[in-house]
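The structure appears below as structure tokens.
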Amino acid sequence: MSNESLANLLKEERRFAPPAELAAAANVTAAAYAQASEDRLGFWAEQARRLTWAVEPTETLDWSNPPFAKWFADGKLNVAYNCVDRHVEAGNGDRVAIHFEGEPGDGRSITYAQLKDEVSQAANALLELGVRKGDRVAVYLPMIAEAVVAILACARIGATHSVVFGGFSADAVASRIQDAQAKLVITADGGYRRGKPSALKPAIDEALTKVDGVEHVLVVRRTGQEVSWTEGRDVWWHELTARQSTEHTPEAHDAEHPLFILYTSGTTGKPKGILHTSGGYLTQASYTHHAVFDLKPESDVYWCTADIGWVTGHSYIVYGPLSNGATQVIYEGTPDTPHQGRFWEIVQKYGVTILYTAPTAIRTFMKWGDDIPAKFDLSSLRVLGSVGEPINPEAWIWYRDHIGAGKAPIVDTWWQTETGAMMISPLPGVTETKPGSAQRALPGIAATVVDDEAREVPNGSGGYLVLTEPWPSMLRTIWGDDQRYIDTYWSRFEGRYFAGDGAKKDEDGDIWLLGRVDDVMLVSGHNISTTEVESALVGHPSVAESAVVGATDATTGQAIVAFVILRGTATDSPELVEELRAHVGRTLGPIAKPKQIKVVGELPKTRSGKIMRRLLRDIAEGREIGDTTTLADSTVMNLIQAQLPPAGSES
Ligand code: ATP
Ligand code: MG
């Protein structure tokens, strides 16, 4: 990206010091950075002591066969015991672990003592079905408490779980079941979405006509809708678990025992089955949840709005919060059912103090209007988190002002399925935050930005984000494909993990994420990041959301094509489009002016809320549209195409 646009971005920069009260009582202070940089492995060894080990590890990192890491390899622990039993043993059995809020307004609150019983019963149920340590279990559930119970039951007996988004098609589920060779599938009749029951079991029934090896399907009854039943294979969850003992003795598993496989979102291409193991993963999930959210388990009510089917749900609904003994909210449904204030109603109802959500949700709330959150009491909120995409400064400020009462610190957390836990983020009691920047590697994490030749770029320049040292929750491999693991992450820059994201360092050395390197545009010899142009567009009062792609262009190499969704009050007109182009020119410089701006009603997104730019690039270049199987709503591409003039004609 050009230096003039960087200068422009920095000019607008505002900074926010941590609230004094929070800083004074923060879980983690600035000393953690110094401690970790003096002795990184010692730092992680200390964090591992947050956990309860059956056998304490004496080794921290074994990096003798890079890029295959072993962390805490001679230690043994039970992950589920760490997330449940030990809190009961510590006298906190009556603390609520999960406030489950169903979309129809039903719900239940589950204490740690109850969770221990339910997880034990589920573990015994899995054993009765013949599932053993090392087997794989596919989980295809809505956002209900049973999803957490099922995951922990697997962890408890040492079965490796592979959670698949409840929104994925039968084919997508089938390929994931096949790849992991799952023996059991845990699903539900359905879940509630957008005010009505949405069936899940039919997708499993169809998927299982395509793959072999699944012995049983364990079915949670959620909606009561009719399901077809295969005798001998299908088993009701409530019937099987109810007759199990609430006693189950957790076995200690090796720190490197496979905990789960999770497929990446598929934003850039064929999803990869990322393998995570136990001790290192839990150490970093637990530490980051404690540090980045400043979680006080006795008083906080935490809510992460992610789906359990993506990594944020794994690390920051299941393993991070529960290992820390947190009280959290789990919500089944969509943010606009039955009304657009549903999230804020939930915050008010449970007194949520820490909220973790995605930029796409924040931009949607902005589009719906400031008056909606204003109707609710959000004064309990003290820390706000963001994950999934770069958050544009406009949305960041809105989040702080309208949700955080103009004072809650925002932690913009950069990480990936592959990293397992947060890597780059402010610390709420330490960092002077800057809207739009994830800022700095967490204590114990080593990240930097390099150029094509793997040279670290100076402050004020951009390049590729790399991680320069192994970290406890790193992926161990791509399931069944060590070579792809090496090629994808460790081959671009010798000895360094290549994240696939572009980034820049500002004059203070703080890191700004610029989106995927595959998305960076080359216009007349200048590298321009999609994130910056999108951010400039959303900075205009008429624009709610935007997605920008580079389309092959005879004169400029690539031309910038922008897709925008307008805010409620704005209407599409040639004048507005011209104004938006001029606005980007003023903000980032004339080189970044989009050649075309297309006003659309929706953007193609994954279920985790990420924009699939490659599909928009297909449209912009007049190609047939690529793989849409991981789209949240597969009809969106048809809608967009129908709204646009045929490819090749100028806007
Ligand atoms: P695939 O790898 O299959 O294309 P994906 O990368 O979307 O899928 P995830 O692991 O869910 O799958 O997403 C990680 C990516 O999300 C990061 O590499 C980055 O591009 C983006 N991301 C996550 N958090 C942030 C953040 N705070 N700021 C900027 N980008 C972020
Ligand atoms: Mg990725």
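These values consider heavy atoms only, across backbone and side chains, with no hydrogens, waters or symmetry-generated copies. Whatever order the structure lists ligands and atoms in, that order sets their numbers, starting from 1.
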*asked:* Any heavy atom of Ala438 closer to ligand 1 than 4.0 angstrom?
replied: no
*Could you pull out all residues at least two apart from Ala69 that satisfy side-chain contact (heavy atoms from CB on, under 4.5 Å)?*
Leu61, Trp63, Trp71, Met474
_Please classify the Thr417 to ligand 1 contact at 4.0 Å (heavy-atom distances, strictly less than): side chain, backbone, both or neither._
both
_Salt bridge or not between Asp508 and Arg15? Use side-chain N to carboxylate O under 4.0 Å._
yes
*Going from CG on Asp412 to OG1 on Thr433, what distance comes out if it is rounded to the nearest 0.5 angstrom?*
10.0 Å
*Is there any N or O on Lys610 that sits under 3.5 Å from an N or O of ligand 1?*
yes
*Is there side-chain contact between Ile640 and Leu616, with heavy atoms separated by less than 4.5 Å?*
yes
*Indicate yes or no: does an N/O atom of Ser386 lie under 3.5 Å from an N/O atom of ligand 1?*
no
*Which atom pair, heavy atoms only, marks the closest approach of Ala592 to Ile560?*
O-CD1, 3.5 Å
_Proximal ligand 1 atoms for Lys272, defined as those under 4.0 Å from one of its heavy atoms_ = 2 (O)
*Atoms of ligand 1, numbered as shown, that sit under 4.0 Å from any heavy atom of Trp415*: 14 (C), 17 (C), 23 (C), 24 (N)
_For Thr277, all residues meeting side-chain contact (heavy atoms from CB on, under 4.5 Å), sequence neighbours excluded_ = Glu256, Arg476
*If you count the atoms of ligand 1 from 1 in the order shown, which ones are under 4.0 Å from a heavy atom of Thr413?*
24 (N), 25 (C), 26 (C), 27 (N)
*With a cut-off of 4.0 Å, which atoms of ligand 1 are near a heavy atom of Arg516?*
4 (O), 5 (P), 6 (O), 7 (O), 15 (C), 16 (O), 20 (O)
_Polar atom proximity, Gly388 to ligand 1 (N or O, under 3.5 Å)_ = yes
*Using 4.0 Å as the upper bound for N to carboxylate O, is an ion pair formed by Arg613 and Asp518?*
no
*Quick one: which ligand 1 atoms are inside 4.0 Å of a heavy atom on Asp412?*
26 (C), 27 (N), 28 (N)
